[in-house]
Every structure is written in structure tokens, then in C-alpha cells.
Amino acid sequence: MHTHRSLTRLVAAALLALASTPAFAVVERSITGIGGALVVPYWTVNAGNDSLISIRNESLRPVAVKVRTLGEEGEVERVFSLYLDSLDTWVGAYTKVVLVGVELVDFINNDTSCYIDGFSTTTTTAEAATRGGKLSPPPPVPAFFGAMEIIAMGHPAVASDLLTDDGTWIDCDALVERFETGPWSSDAKAGLDAPTDAISASVSLIDVEGGGMQAIPGVALRGFSDVPLHSGPNDVQPDLLSAVDEGVDGTRSRVCIGGECTVHEWNLASEAVAAALSVSKLRGSFSVAEASNGQTELILYRPLKAYEMQPDGVEIEPLGQISLRDRRGRRIIFPGPVITPTPGTPPFEAIQPFGAPAPVFQGFAFGAPPDLYLEEYDTPIVGHPITVRLIANFFANPDNPMDNRHLTGTFEVEYDALDAGATFLTAPDGTRYTGEPVLGVLIQQFTNGTLDFGEGPVLSNYRSSEPVRRSVRLEA
């Protein structure tokens, strides 16, 4: 018991806890990037990239966090827990290594924040070293790209013995001991308050050799739970289906369009999360300007796809399409049936629409080299395997070679509410969420080559994450 804690500190902590205690939870997408649950839509170690992970406690209260690294089919690759103090930031990384001729994903954690490991399907350099560098039997083949789910599990109660006199978490070893022989061995939620909208996160893709870096921010959900979600380090939950709303029998969602908000109550938490993340259209910019070797890549991630087969999952199968417009708004690729061109002939008339069953991840490359469009293709920026390429530079005006409007423009991912066979999310009152819960990652790169200013070569590559604008449509 902390006998030296001052009355002033106790009163201040109690007021802070009262102010940050959630009312009834209503799941909605955060406009600030701060929430109680986060989805980071992409990480990768392909194409020379390392993934630097940053997870931040944005609140003045310590917070317990569950981190779930997911693979390319949404499978769980690694689970661990973090215990972050007030305004604390934890940083780790994924990188690709080769051990005994086997490519593996190495997890790097040199941060001093409290980290309690759970389980992993991969093998790290340190783990291999403890076995003399011999991998026998070999570990499962790891995923080399995926997404992350990060869930706030709770805050230590003001008067609990989880806090030091300074208001920080007790020693990390003492927290581990609580799981083994202490209170958390029988009740992992003991001494914890409900989580609040306290965390943010991002993944920075860093290509040292190529001189590129771009940050991918986490998409945050506010009002995720009004009860503690704390679990043991080996427990794969909480996850995106763990949203709790004690104020009602089900789980509520809130979606705001043009300042007018709609609240629906759902039987399943997965439905509330799907409503909060649903979009009817995604829109962004591309540039494949030849003078600067422009390359644009779009990754779509469906965060609830891997949960569909679970008893409390939700199945949504819209029929979507993607199209391009030049910078004057002229559509330059028209959606239509799949066309298999003869070798050496670009697909002038159509691209492949995407419909049921849609994959967990879907990649699109703009400006792919002509000799690759008929084959499996790993994109040059993030190394994402794709079969659909949007080759805008094939759509030049044959009557005017100087007309280069097709080299820059916008893309649109959209869904038709009238498509037969599409399955949309429908609320109990009959309102239909046209579209699907999907997140977009858009990366633009320009490669101008290597310049020499008299002191050696200097890379002149430019890479950035571009905004993906979204629209939401609810139909009665």
C-alpha cells in the first residue's frame, strides 16, 4: 500500500479518473486518430522495407494495451501486451532476416516501456541464438506483410496497487508475477478501470537502400468499450469483435454524415464495428508521370474479412469496381468484364471489377511496366503481390502524343447499391450501409535517379503516403 502518497495527488488522480471514465460505449470512427481500438492497415518487410511501429498513450493515465500482428489472410502472427505510462510511446520494428537459408520476419524490441510477450508464429534472431542458430524443426513460414490491431484494455484504478507513488505502472516483473501467482492469475481485470479513447499508432515503412519512408497512421475507433478488456499475454483477445456497450443489450454504432449523426443498435459487436468502418466510395490521386518515373500503389484492407467464419462475425460481400479519371475528370478506364489481351497488347477496354468473395488484402499498381501486366507482379514500392494493374500510361491520345492528361488523375473505388447478388450491412430498422468496411493505403513515389553534386552520389527519390478520401452512404 502506498502510504506516502499525498492527499493532493489522490484527489487529482480521482478527478482525472472520473473525467476520463467512459459513459456508455458507442463505436464510431475517430477523426483525430485517437481511440480505444486501432487498425493499422498495413505493414510489410517486402521490397527492402522495414516496418517501424509506434504506439502512443495519448492520455494522462497509464494504460494496458493488446497488440495483435496479423498476416496476409488476417491470421494472428504475434500477440503481446504493453503497459504504457502517461503520454508514453513504445517503438518496435519488423524486418526480414535470413537464418540457415530461411527467410524470417525478425521482431525488434529495444524499448524500455513494459512489454510482456505473448506468442508468435515467427522466430526472432535472439530466439534462434538460444538454439545455437539451428532451426530444427523449422518454424512456420511467416507472413511478410499484414495489418495490426491495437486495443486499449484498461487503466489501473486510482487506489489500486498497480501504481507507484509517482502514478506510473509498478515494475514490469511485478506485473508478470501478477499473472503467475497474483490476482491476475484468476481475474485478469482485477484493479482495472474501463479503457478510454487513449491510444494512437502508426507504422513507418522505411527503405534505407532506396531512400524512401512513409508513415501509415492507424485508423481509430472511439467508444469501443465501457468495461475492462484486460487479458493474459497469451490470450489473442481482445480483438475487433470485443466491443462492449453495457448501456444496451447489443452494441451501438454512430456514423456522422454532413453533421447529421445516425446511431444504430446491433445484435453483434462485429456489426457495430462494420458500420463504423463502412464506406461507399474511396477516392485518391495518382501520378505516373514518365519524366519522374512516377509510381502509385493502392492497398485495400478489409479488417473484418478474417472474422466472417466466426459465430459472431458478419459477412458483407459488395460488388465493387475501380476506375481512373484524368486530371480533367475524364474517365480513362471503364469497369467491365475481364479481358485477356494477347501478349504485347495492353488491356485498353476494361479492368477486373472486384466482387464476392473479396480478399483480405487487394493491391493495385498504377503505371506498371508493360512487360509485366500479364503476370503475377510484386509492386516496386511495397512489394505487394497483385494480379490487377492499372496501366494508365497505355491510355495516351493516339492523335496527340503531347496529350499527357492520362498520366495524372484520380481513382475511384465505388459500390453500386443495385448490384444483384451483393450483400450489404443492414440495420434493424432497414437502413442499408452501401459499400463495405474497407481501409485504403495509397503510396506515391517519384524516382529521379541518383544525382552527384561533387561529393558523391545522392539519391533523389521521393515517397509519401497520400490521403484516401472516403464517402459514406446510408439508404433507407
Side-chain angles (χ1 to χ4, degrees), residues 38-55 67-80 92-99 102-109 120-124 139-150 201-210 212-219 236 239-240 295-307 354 358-366 368 372 375-389 437-445 463-466 468:
L38 307 171
V39 181
V40 180
Y42 204 65
W43 67 270
T44 185
V45 295
N46 289 328
N49 290 286
D50 297 325
S51 287
L52 180 69
I53 312 156
S54 299
I55 301 174
V67 182
R68 293 161 40 91
T69 300
L70 309 178
E72 57 192 82
E73 297 296 332
E75 74 280 10
V76 179
E77 291 287 330
R78 178 179 289 273
V79 173
F80 57 89
Y94 285 113
T95 188
K96 185 183 290 187
V97 296
V98 179
L99 294 176
V102 178
E103 285 189 336
L104 300 171
V105 177
D106 195 4
F107 176 64
I108 301 172
N109 172 39
S120 171
T121 60
T122 64
T123 301
T124 67
V141 176
F144 294 105
F145 68 88
M148 301 185 75
E149 296 175 2
I150 304 164
S202 62
V203 166
S204 295
L205 304 185
I206 303 174
D207 180 1
V208 175
E209 182 177 350
M213 172 178 170
Q214 67 279 334
I216 301 173
V219 175
V236 297
D239 55 26
L240 281 186
Q295 176 75 29
T296 307
E297 296 176 13
L298 170 68
I299 307 296
L300 299 182
Y301 172 55
R302 299 174 174 88
L304 295 177
K305 195 70 180 178
Y307 294 100
F354 54 89
V360 175
F361 285 93
Q362 192 167 24
F364 300 88
F366 301 72
L372 293 177
E375 304 173 5
E376 292 283 340
Y377 174 63
D378 290 345
T379 64
I381 303 177
V382 299
H384 191 88
I386 64 170
T387 55
V388 178
R389 281 156 301 287
V438 64
L439 306 176
V441 176
L442 182 64
I443 299 176
Q444 177 70 56
Q445 177 173 284
R463 183 186 299 180
S464 64
S465 295
E466 297 297 317
V468 179

Q: Please name the residue in the list Ile216, Val203, Val468 that meets the side-chain contact (heavy atoms from CB on, under 4.5 Å) test with Val441.
A: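 The residue from Ile216, Val203, Val468 that satisfies side-chain contact (heavy atoms from CB on, under 4.5 Å) with Val441 turns out to be Ile216.
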Q: Would a 4.5 Å heavy-atom cut-off, applied to side chains only, mark Arg463 and Asp207 as touching?
A: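 Yes; the side chains approach each other to less than 4.5 Å.
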Q: Only one of Leu442, Leu298, Thr296, Thr379 forms a side-chain contact (heavy atoms from CB on, under 4.5 Å) with Phe364, so which one is it?
A: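 With Phe364 as partner, Leu442, Leu298, Thr296, Thr379 yield a single side-chain contact (heavy atoms from CB on, under 4.5 Å), made by Leu298.
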Q: Verify, without hydrogens or angle tests, whether Arg302 (side chain) and Pro359 (backbone) share a donor-acceptor contact under 3.5 angstrom.
A: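 Checking the backbone N and O of Pro359 against the side chain of Arg302, a donor-acceptor pair under 3.5 Å is found.
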Q: Please give me the minimum heavy-atom distance between Gly383 and Ala47, naming the atom from each residue.
A: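 Closest pair (atom of Gly383, atom of Ala47, distance): N-CB, 3.5 Å.
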Q: Please step through side chain to side chain contact (heavy atoms under 4.5 Å, CB included) for the pair Leu205 and Ile443, ending with a clear verdict.
A: CA-CA 11 Å; Leu205 304 185; Ile443 299 176; 4.2 Å; yes
Q: Please check if any side-chain donor atom of Gln214 sits under 3.5 Å from a side-chain acceptor atom of Ser464, or the reverse.
A: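 No, Ser464 and Gln214 have no side-chain donor paired with an acceptor closer than 3.5 Å.
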Q: Indicate the atoms forming the closest heavy-atom contact of Glu466 with Gln444, along with that distance.
A: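 Taking every non-hydrogen atom into account, CG-CB, 3.8 Å.
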Q: Report the residue from Trp43, Phe361, Tyr94 that forms a ring pair (Phe, Tyr, Trp, His ring centres under 6.0 Å) with Phe145.
A: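 Going through the options one by one, the only one that passes is Phe361.
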Q: How far apart are the closest heavy atoms of Pro303 and Pro437, and which atoms are they?
A: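 Scanning both residues completely, I find the closest heavy atoms to be CD-O, 3.6 Å.
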Q: Could you check whether any side-chain heavy atom of Val360 comes within less than 4.5 Å of a side-chain heavy atom of Glu72, counting everything from C-beta outward?
A: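 Side chain of Val360 against side chain of Glu72, heavy atoms only: no contact under 4.5 Å found.
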Q: Do the side chains of Val67 and Ile55 get nearer than 4.5 Å, heavy atoms only?
A: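 Counting from C-beta outward, Ile55 and Val67 do come under 4.5 Å.
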Q: Can you find a pair of side-chain heavy atoms, one from Glu149 and one from Leu70, that are under 4.5 Å apart?
A: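 The answer is yes, as the side chains (C-beta and beyond) meet within the 4.5 Å cut-off.
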Q: Atom CG of Leu52 and atom OG of Ser202: how far apart are they, to the nearest 0.5 Å?
A: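 Rounded to the nearest 0.5 Å, the CG-OG separation comes out at 7.5 Å.
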Q: Considering non-hydrogen atoms only, spot the tightest contact between Gly71 and Glu77 and give its length.
A: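 That would be N-CG, 3.6 Å.
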Q: Taking side-chain contact (heavy atoms from CB on, under 4.5 Å) as the criterion, tell me which of Leu439, Val40, Leu38 meets it with Val219.
A: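 Testing Val219 for a side-chain contact (heavy atoms from CB on, under 4.5 Å) against Leu439, Val40, Leu38 leaves exactly one candidate, Leu439.
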Q: Taking all non-hydrogen atoms of both residues into account, name the closest pair between Glu75 and Ala143 and its distance.
A: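 Shortest heavy-atom separation between Glu75 and Ala143 comes out as OE2-CB, 3.9 Å.
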Q: Within the 4.5 Å heavy-atom criterion, are Phe107 and Thr69 side-chain neighbours or not?
A: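 Side-chain contact under 4.5 Å: no.
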Q: Judged by atom type as modelled, is there a donor-acceptor pair below 3.5 Å linking the side chain of Arg68 to the main-chain atoms of Val236?
A: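 Between the backbone of Val236 and the side chain of Arg68 there is a qualifying donor-acceptor contact (under 3.5 Å).
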Q: Decide yes or no for Glu297 and Gln445: does some side-chain heavy atom of the first lie under 4.5 Å from some side-chain heavy atom of the second?
A: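 They are not in contact (no side-chain heavy atoms under 4.5 Å apart), so the answer is no.
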Q: So do the side chains of Phe144 and Thr44 get within less than 4.5 Å of each other, counting heavy atoms only?
A: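 Not in contact.
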Q: Ignoring hydrogens and angles, tell me if any N or O in the side chain of Asn49 forms a donor-acceptor pair with the backbone of Ile381 under 3.5 Å.
A: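 Yes.
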Q: For residues Phe80 and Asn109, determine if any side-chain heavy atom of one lies less than 4.5 Å from a side-chain heavy atom of the other.
A: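 A side-chain contact under 4.5 Å is absent here.
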Q: Is there a side chain to side chain contact (heavy atoms under 4.5 Å, CB included) between Val39 and Leu240 once you walk through the steps?
A: CA-CA 9 Å; Val39 181; Leu240 281 186; 3.8 Å; yes
